[in-house]
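Below you'll find the structure, written out as structure tokens, and then a few comments.
Atoms within a ligand are numbered from 1 in the order they appear, just like the ligands themselves. Keep in mind it's a predicted model, so treat the numbers as computed, not measured.
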Amino acid sequence: MSRTLVTGANGQIGSELVDLLRERHGPDRVVGLDLNSPTARNGQSRTGPFVTADVRDRDALAQVMSEHDVEAIYHLASLLSATGEEHPDRTWDVNTGGLKHVLDLAREHNVQVFWPSSIAVFGPSTPKNNTPQQTVLDPTTMYGVTKRSGELLCRYYHRRFGVDVRSLRYPGLISYKTEPGGGTTDYAVDMYRRAAAGADYTCFLRSDTRLPMMYMPDALRATLALMDADGDALTVRDSYNVDALSFSPKELVAALQERVPGFTCTYEPDARQQIADHWPASIDDRAARADWGWAPEYDLDAMTEDMLSHLRSETPANQEG
Ligand code: NAD
Ligand code: SER
């Protein structure tokens with residue numbers, strides 16, 4: 001029986017993607033892989049096969065591929081931007097080494113690959129608004145360096161060896177099931193969680209820091225749509241820009257205050273401000289729209305309603321009631 005492999009399966013995206021793929025293909029046909037077993041803290045159901053392994057270990061990955069007859073890999077295992085600045089060596093090894101192993105094994109086993117890039121590939125010289133698909137790419141973080149290197153590696157493996165690897169430059173992703181894992185855009189999820197719990201929030205970015213964001217249901221839809229698309233229609237083989245929403249902390253505060261009267265936010269920017277200052281405010285995603293029909297469904301209001309209703313239903317008071 002051939003299976004789909006998801007690395008980084010315990011993470012913010014992986015935990016939801018595993019469940020979605022298991023709904024699509026059946027629980028036995030999707031293998032999760034991460035450094036540790038799933039815990040109650042991540043939303044992933046434990047209904048199917050799971051492997052604990054390090055993506056830096058090529059032999060372990062090769063064994064999983066053979067044992068499970070893997071036909072597609074969603075390679076999500078990574079360190080993110082803020083953690084990446086704390087551990088640059090490890091970030092290079094995990095992000096770039098892990099991807100290289102996955103691409104080599106995909107070439108060997110004729111496997112389709114999804115690998116996410118990020119808005120972190122852009123930098124201070126990149127146009128900040130409506131950032132084009134083809135533009136200056138001058139990342140300033142180790143995370144961004146690994147993402148741009150990864151994009152080039154993906155394109156090379158596609159051109160040189162015909163590996164069917166597809167990629168999106170995700171913006172900051174917002175979700176309620178599994179907490180984010182060390183990024184700069186995490187403030188938005190933190191703010192939702194505090195507001196839903198009736199608490200105030202201290203934001204680590206300045207109030208006017210506008211960044212591109214996307215709600216998780218849109219991100220998952222984009223991922224599966226790209227993987228389902230006709231390969232001949234894809235004109236971008238490094239990584240597609242995808243846009244959904246753009247807002248600043250103060251705009252998110254205003255959206256929350258309409259629904260959570262009395263919610264307040266104070267601002268204490270830290271080192272993550274410098275990372276955010278080099279990222280775009282909004283993205284031009286015309287290539288994704290033209291090539292495989294990308295269109296987001298959630299705006300800030302719709303996302304805020306949905307986030308709050310889920311987070312409030314998870315609070316202990318509501319669970320008891
Ligand atoms: P996350 O930090 O929530 O999860 C990453 C997972 O990878 C964790 O469960 C971690 O245990 C695992 N991992 C780390 N090192 C590993 C290793 N050596 N071997 C095996 N597993 C390892 O990250 P996420 O938000 O789910 O992101 C997934 C992918 O999407 C990453 O490539 C990330 O760069 C990309 N991305 C995410 C966002 C976002 O806002 N969440 C935005 C842009 C791109
Ligand atoms: N959300 C991610 C981060 O902040 C962007 O890739 O690191």
What is the minimum heavy-atom distance between L205 and T184, and which atoms define it?
-> CD1-O, 4.0 Å

Does CZ in R221 sit with more than 12 non-hydrogen atoms of other residues, nucleotides or ligands closer than 6.0 Å?
-> yes

Output yes when the distance from some N or O of ligand 2 to some N or O of D186 is under 3.5 Å, and no in every other case.
-> no

Of all the atoms in ligand 2, which lie at a distance below 4.0 Å from a heavy atom belonging to T184?
-> 3 (C), 4 (O), 7 (O)

Using a cut-off of under 3.5 Å, which N/O atoms of ligand 1 pair up with protein N/O atoms, and what distance separates each pair?
| from | atom 1 | to | atom 2 | distance (Å) |
| --- | --- | --- | --- | --- |
| ligand 1 | 3 (O) | Q12 | N | 2.8 |
| ligand 1 | 9 (O) | G11 | N | 3.4 |
| ligand 1 | 9 (O) | D34 | OD1 | 3.4 |
| ligand 1 | 9 (O) | D34 | OD2 | 2.6 |
| ligand 1 | 11 (O) | D34 | OD1 | 2.6 |
| ligand 1 | 18 (N) | D54 | OD1 | 2.8 |
| ligand 1 | 19 (N) | V55 | N | 3.0 |
| ligand 1 | 26 (O) | Q12 | N | 3.2 |
| ligand 1 | 26 (O) | I13 | N | 2.9 |
| ligand 1 | 32 (O) | L76 | O | 3.4 |
| ligand 1 | 32 (O) | K147 | NZ | 2.9 |
| ligand 1 | 34 (O) | Y143 | OH | 2.6 |
| ligand 1 | 34 (O) | K147 | NZ | 3.0 |
| ligand 1 | 40 (O) | L173 | N | 2.8 |
| ligand 1 | 41 (N) | Q12 | OE1 | 2.9 |

Numbered in order shown, the ligand 2 atoms found under 4.0 Å of a heavy atom of S118 are 5 (C), 6 (O)

State, with a plain yes or no, whether a side-chain heavy atom of Q133 is found less than 4.5 Å away from one of D284.
-> no

Which residue supplies the protein heavy atom nearest to atom 1 (N) of ligand 2, what is that atom called, and how far is it?
-> T185 OG1, 2.7 Å

What part of W279, side chain, backbone, both or neither, has a heavy atom within less than 4.0 angstrom of ligand 2?
-> side chain

Can you tell me if CG on N110 sees more than 12 non-hydrogen neighbours from other groups inside 6.0 Å?
-> no

Is there a heavy atom of Y170 sitting under 4.0 angstrom from any atom of ligand 2?
-> no

Can a salt bridge be assigned to the pair D186 and R272 using a cut-off of 4.0 Å between side-chain N and carboxylate O?
-> no

Does a salt bridge link R22 with E16, judged by any charged N lying under 4.0 Å from a carboxylate O?
-> no

Interatomic spacing from OG in S81 to CD in E86 - rounded to 0.5 Å = 10.0 Å

Taking the inter-plane angle between the rings of F247 and Y187 on a 0 to 90° scale, is it parallel (under 30°), tilted (30 to 60°) or perpendicular (over 60°)?
-> perpendicular

N or O contact, S81 vs ligand 2, cut-off under 3.5 Å = yes

What residues form a salt bridge (Lys or Arg N to Asp or Glu O under 4.0 Å) with R210, not counting sequence neighbours?
-> E251

